[in-house]
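Within every chain, numbering begins at 1; the chains are lettered A, B, ... in the order of the sequence lines, protein sequences first and strands thereafter. Keep in mind that the numbers below use all heavy atoms, side chains included, and drop hydrogens, waters and symmetry copies. The shown structure was predicted, so the numbers you read here are calculated from the model rather than taken from an experiment.
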Amino acid sequence: MSRFAMPLLRWYKKAGRDLPWRKTTVGGVPPDPYAIWVSEILLQQTQVSTVLPYYHRFLSNFPTVQSLAAAEIDDVLKCWQGLGYYARARNLLLAARRIVDRFGGTVPLTLSELLTLPGIGRSSAGAILNIAFSQRHPILDGNVKRILVRVFCITKDPKERQVTEKLWRLSESLLPKTRADHFTQAIMDLGATICTPAAPKCDCCPVSRLCKGYQKGLQNKLPIRPVRKKTPHYDYVCAIIRNGEKVLIKKRQETGLLGGLWEFPGGRVSNLCSDASPSRGSKVGMGFIGKSLNEIIEKEVGQSVALTPLGLEIKHAFTHFKMTIHLFAGSVRKSKTQLPLKWVPIDQLKEHPFSSAHQKIILKLQNVRQSRRDLWCG
DNA sequence: GACACGTGGCG
DNA sequence: TCGCCAAGTGT
């Protein structure tokens, strides 16, 4: 066993985290590969504290791969609502169906088979085999990358292909012959609790003695980050269109940004004069861009819409852009619709998966309800 | 190889 | 307010 694995495993025994997916069982026999798989997908690009409530909710809704495979996408997305990266939920459902159809309902236990499943890449496949089946496969997630970059004092951008390949080789080389599953969870715990992105606690680190980055005092500089372009800002409009107690909502196309989620009809305005945005210092309002506005909403709704500005807006930030959504009240003539449009009683909105941005809209409308009775409950 | 893909917390 | 950051994968 390497000089790296030995102290790490000793540390893990006393300081490792107690996480729910580490004590899963099937009929009393641990572990449950399905639960491990679900946890790995939930944890992609997402911290443990964020995942915990989702993990419990997801497994109680879909306790087995069969139950997931039989589910509808709206129910899976509803369970995923607010977590982000919704392609994970779509792919999880697709993969569950494929496991039932092609793998007899059992999570496959080879790397090549796992890699055929949507949403499972090299790192997640390695983690599943490693943790669920005690197979000796390396992983390379954010934690492992950061640790390796520091321990081996790699001063180049880890995103470069050659650097990534080197990190995979290093991850593989450190993996002990036995207890690879403990090692993998140990190194992730180390990254999450000691070798953190900012202010790593090197004083408490079991491998600081052999950390080249620490020896050179570079632990706070690594990994190096290439300068990021600043994210653009876009203005959106959306319409709260009511008919009695019902509201018109629309399901987004199944792929791409927020794919499959429901939202209030609207879209991006390209020719919004900067003066028209109250959020940027003016009280001019949205009136004079009315034409383009109606075009956007009417294209979404498929009929003419009478719009009134509500003087409300919500702001939201994605990884790659920021947006301000300007809210309007709308009314239409025809109440007949077909998917992806749907009239929904207001109290049934919560049955549908919405993005966080549109959840903010719902909250905002509920909050102004007292003073603006006209807007939401009539 | 570069970019798309969410969200909430933090300094 | 803003940029950075977190258990990656798909195109």
Side-chain angles (χ1 to χ4, degrees), chain A residues 17 19-22 36-55 77 80-92 94-95 114-128 130-131 138-147 157-165 167-168 171 184-193 195-200 220 223-233 252-261 263 279-281 315-324 353-360:
Chain A
R17 292 174 297 175
L19 300 173
W21 40 90
R22 291 180 182 172
I36 304 292
W37 166 42
V38 169
S39 76
E40 286 302 325
I41 304 302
L42 286 165
L43 287 161
Q44 287 171 0
Q45 302 294 90
T46 314
Q47 295 183 10
V48 165
S49 57
T50 306
V51 164
L52 282 174
Y54 285 89
Y55 174 78
L77 284 174
W80 213 270
Q81 173 178 299
L83 193 61
Y85 286 126
Y86 299 94
R88 293 183 294 171
R90 303 192 302 266
N91 286 332
L92 198 55
L94 290 177
L114 276 178
L115 287 172
T116 67
L117 296 172
I120 302 181
R122 189 173 171 188
S123 193
S124 296
I128 292 166
N130 190 315
I131 295 166
I139 66 165
L140 189 61
D141 61 9
N143 284 318
V144 176
K145 265 185 202 164
R146 188 171 58 254
I147 291 170
D157 180 2
K159 286 195 170 58
E160 286 179 31
R161 190 175 51 84
Q162 293 193 352
V163 180
T164 301
E165 285 174 6
L167 291 171
W168 271 108
S171 179
T184 294
Q185 302 184 72
I187 198 168
M188 287 192 289
D189 282 11
L190 188 74
T193 63
C195 197
T196 47
N220 290 306
I224 64 115
R225 309 278 176 195
V227 287
R228 211 183 292 184
K229 288 184 287 190
K230 81 169 210 175
T231 58
H233 175 277
R252 295 178 65 94
Q253 65 173 92
E254 294 291 342
T255 57
L257 183 68
L258 309 172
L261 296 187
E263 63 185 20
S279 63
R280 276 180 270 159
K315 292 177 173 298
H316 192 73
F318 296 95
T319 304
H320 47 304
F321 70 93
K322 292 188 275 286
M323 67 175 176
T324 301
F354 284 85
S355 70
S356 285
H358 282 249
Q359 293 252 88
K360 288 181 194 171

Which part of the nucleic acid does A/Ala127 contact within heavy-atom distance under 4.0 Å: base, sugar-phosphate only, or nothing?
nothing

Tell me, please, which residues at least two apart from A/Leu52 pass side-chain contact (heavy atoms from CB on, under 4.5 Å).
A/Pro20, A/Trp21, A/Val48

Sorted by chain and number, sequence neighbours left out, salt bridge (charged side-chain N to carboxylate O under 4.0 Å, His left out) with A/Arg161 holds for A/Glu165

Using whole Å, what does the distance between atom P of nucleotide C/dG8 and atom OH of A/Tyr85 come to?
9 Å

Per-pair distances, 0.1 Å, donor-acceptor, side chain in residues 81-89 of chain A, under 3.5 Å, sequence neighbours excluded:
from    : atom 1 : to       : atom 2 : distance (Å)
A/Gln81 : OE1    : A/Lys78  : NZ     : 2.9
A/Gln81 : OE1    : A/Phe354 : N      : 2.9
A/Gln81 : NE2    : A/Gln359 : OE1    : 3.1
A/Tyr86 : OH     : A/Gly82  : N      : 3.1
A/Tyr86 : OH     : A/Gly84  : N      : 3.4
A/Arg88 : NE     : A/Tyr85  : O      : 3.2
A/Arg88 : NH1    : A/Ile41  : O      : 3.1
A/Arg88 : NH1    : A/Leu42  : O      : 2.8
A/Arg88 : NH1    : A/Gln44  : O      : 2.9
A/Arg88 : NH1    : A/Thr46  : OG1    : 3.1
A/Arg88 : NH2    : A/Gly84  : O      : 3.0

Students often get this wrong, so: under 4.0 angstrom with heavy atoms, is A/Ile120 touching a base, only sugar-phosphate, or nothing?
sugar-phosphate

Under 3.5 Å, N/O pairs linking protein and nucleotides 2-4 of chain C:
from  : atom 1 : to       : atom 2 : distance (Å)
C/dG3 : OP2    : A/Lys322 : NZ     : 3.2

Specify the residues of residues 37-47 of chain A, ordered by number, for which at least one heavy atom lies under 4.0 angstrom from an atom of DNA chain B.
A/Gln45, A/Thr46

Within the structure shown, what part of the strands sits under 4.0 Å from A/Leu19 by heavy-atom distance: base, sugar-phosphate, or nothing?
base

Could you give the start and end, 5' to 3', of the contact zone on DNA chain B for chain A, using atoms under 4.0 Å from its heavy atoms?
B/dG1 to B/dG8

Is the phosphate of C/dG10 approached by A/Arg90 (side-chain N or O, under 4.0 Å from OP1 or OP2)?
no

Give A/Ser355 one of three labels, base, sugar-phosphate or nothing, depending on what nucleic acid heavy atoms sit under 4.0 Å from its own.
sugar-phosphate

